[in-house]
Amino acid sequence: DAGVTQSPTHLIKTRGQQVTLRCSPKSGHDTVSWYQQALGQGPQFIFQYYEEEERQRGNFPDRFSGHQFPNYSSELNVNALLLGDSALYLCASSSVPGTANYNEQFFGPGTRLTVL
Amino acid sequence: GDSVTQMEGPVTLSEEAFLTINCTYTATGYPSLFWYVQYPGEGLQLLLKATKADDKGSNKGFEATYRKETTSFHLEKGSVQVSDSAVYFCALSRGTYKYIFGTGTRLKVLA
């Protein structure tokens, strides 16, 4: 059973560019959350997708947007990249309430984004 | 709003020493509490969790007890190994929604 997978592993972009990161949830999970982890910091919640809609959003600008597909996979898009967007982007998946461990999020290995 | 505070690191211990990493939280109600571990170059792995007051989570020799009266969830291990060297994150959540993480505590265990 594959866990949460993310692609690409590493990415280098320049300021002003746009980037798309991808995530496939753990089998049986239908909810995907995205986090930004700056160097030396804890992960910060960006947003969560469920049933192809954004269910909750953290304190991030509109440059950060996402999408969830019918197969539950998800994309994170960041427009007009800034130097401060350099971070590890983590995807986490979880299951619906009523299922075992529904409040437990499983994290992928992350995508390391460097903005030059 | 909800928040998590962890002791600052790095924490450096000799092999077989006793480990305590402090974590306190601010939240209304009864959030679920978690400890995650991050090894170099990797994502987060769930270490243990507790979902209600006085619950004790345990895994791989690590333990933490959900203390409502002191709003704490301190991580302990009786005898650390070099392989335990990593960054440890305390987190809280409500239901299926976002996790709120502490800033992490780096542990280095020397042989």
Side-chain angles (χ1 to χ4, degrees), chain A residues 2-7 9-10 21 23-26 29-51 54-60 66 87-112, chain B residues 1-10 21-27 29-52 55 57 59 66 73 75 86-108:
Chain A
V4 179
T5 60
Q6 294 186 242
S7 62
T9 304
H10 295 88
L21 310 181
C23 171
S24 291
K26 181 178 169 64
H29 286 183
D30 59 2
T31 301
V32 173
S33 303
W34 287 92
Y35 293 82
Q36 180 195 66
Q37 185 181 16
L39 197 62
Q41 300 296 314
Q44 299 290 316
F45 176 77
I46 302 174
F47 43 53
Q48 184 181 87
Y49 276 84
Y50 172 67
E51 293 188 340
E54 184 182 289
R55 180 158 70 174
Q56 192 176 29
R57 188 180 183 90
N59 189 25
F60 279 80
L88 179 68
Y89 287 84
L90 295 165
C91 170
S93 71
S94 53
S95 56
V96 293
T99 57
N101 301 317
Y102 74 93
N103 63 347
E104 190 175 308
Q105 294 190 4
F106 291 78
F107 284 80
T111 294
R112 174 74 62 187
Chain B
D2 297 349
S3 65
V4 173
T5 302
Q6 285 182 240
M7 64 185 287
E8 289 193 15
I21 300 178
N22 290 338
C23 170
T24 57
Y25 68 91
T26 301
Y30 296 87
S32 296
L33 301 174
F34 305 83
W35 276 101
Y36 277 82
V37 59
Q38 187 174 38
Y39 297 101
E42 298 184 12
L44 301 178
Q45 299 176 25
L46 178 65
L47 184 58
L48 53 84
K49 68 176 183 180
T51 57
K52 59 183 186 295
D55 265 3
N59 186 28
Y66 190 140
F73 193 55
L75 182 68
V87 181
Y88 292 81
F89 292 94
C90 184
L92 68 80
S93 82
R94 300 179 180 284
T96 60
Y97 297 122
K98 65 178 180 180
Y99 279 20
I100 295 173
F101 286 88
T103 54
T105 303
R106 182 175 300 278
L107 171 65
K108 184 174 182 179

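Residue numbering restarts at 1 for every chain, and letters A, B, ... go by the order of the sequence lines.
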Note, B/F89 side chain near A/P43 side chain (heavy atom, < 4.5 Å):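 In contact.
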Under a 4.5 Å heavy-atom cut-off, does chain B meet the side chain of [X], its backbone, both or neither?
X	value
A/Y35	side chain
A/I46	neither
A/Q56	side chain
A/E104	both

Quick check on B/Q38 against chain A: is it the side chain, the backbone, both or neither that has a heavy atom closer than 4.5 Å?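 Only the side chain of B/Q38 comes within 4.5 Å of chain A.
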Distance-minimising heavy-atom pair for B/E42 and A/L88: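 Looking at all heavy atoms of both residues, the closest pair is O-CD2, 4.5 Å.
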Distance-minimising heavy-atom pair for A/Q105 and B/Y36: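 Looking at all heavy atoms of both residues, the shortest contact is O-OH, 2.6 Å.
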When heavy-atom pairs shorter than 4.5 Å are enumerated against chain A, which of B/S32, B/G104, B/G43 gives the highest number?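 Sorted descending by pairs with chain A, the first entry is B/G43.
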State the CZ-CG distance between A/F106 and B/L46, to the nearest 0.5 angstrom.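 A/F106 atom CZ to B/L46 atom CG measures 7.0 Å (nearest 0.5 Å).
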Answer yes or no: does atom OH of B/Y30 have more than 12 heavy-atom neighbours from other residues, nucleotides or ligands under 6.0 Å?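 No, because the 6.0 Å sphere around OH of B/Y30 holds 12 heavy atoms or fewer from other groups.
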At a heavy-atom distance under 4.5 Å, which candidate from A/Q37, A/R112, A/Q44 has the highest pair count against chain B?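 Among the listed options, the one with the most contacts to chain B is A/Q37.
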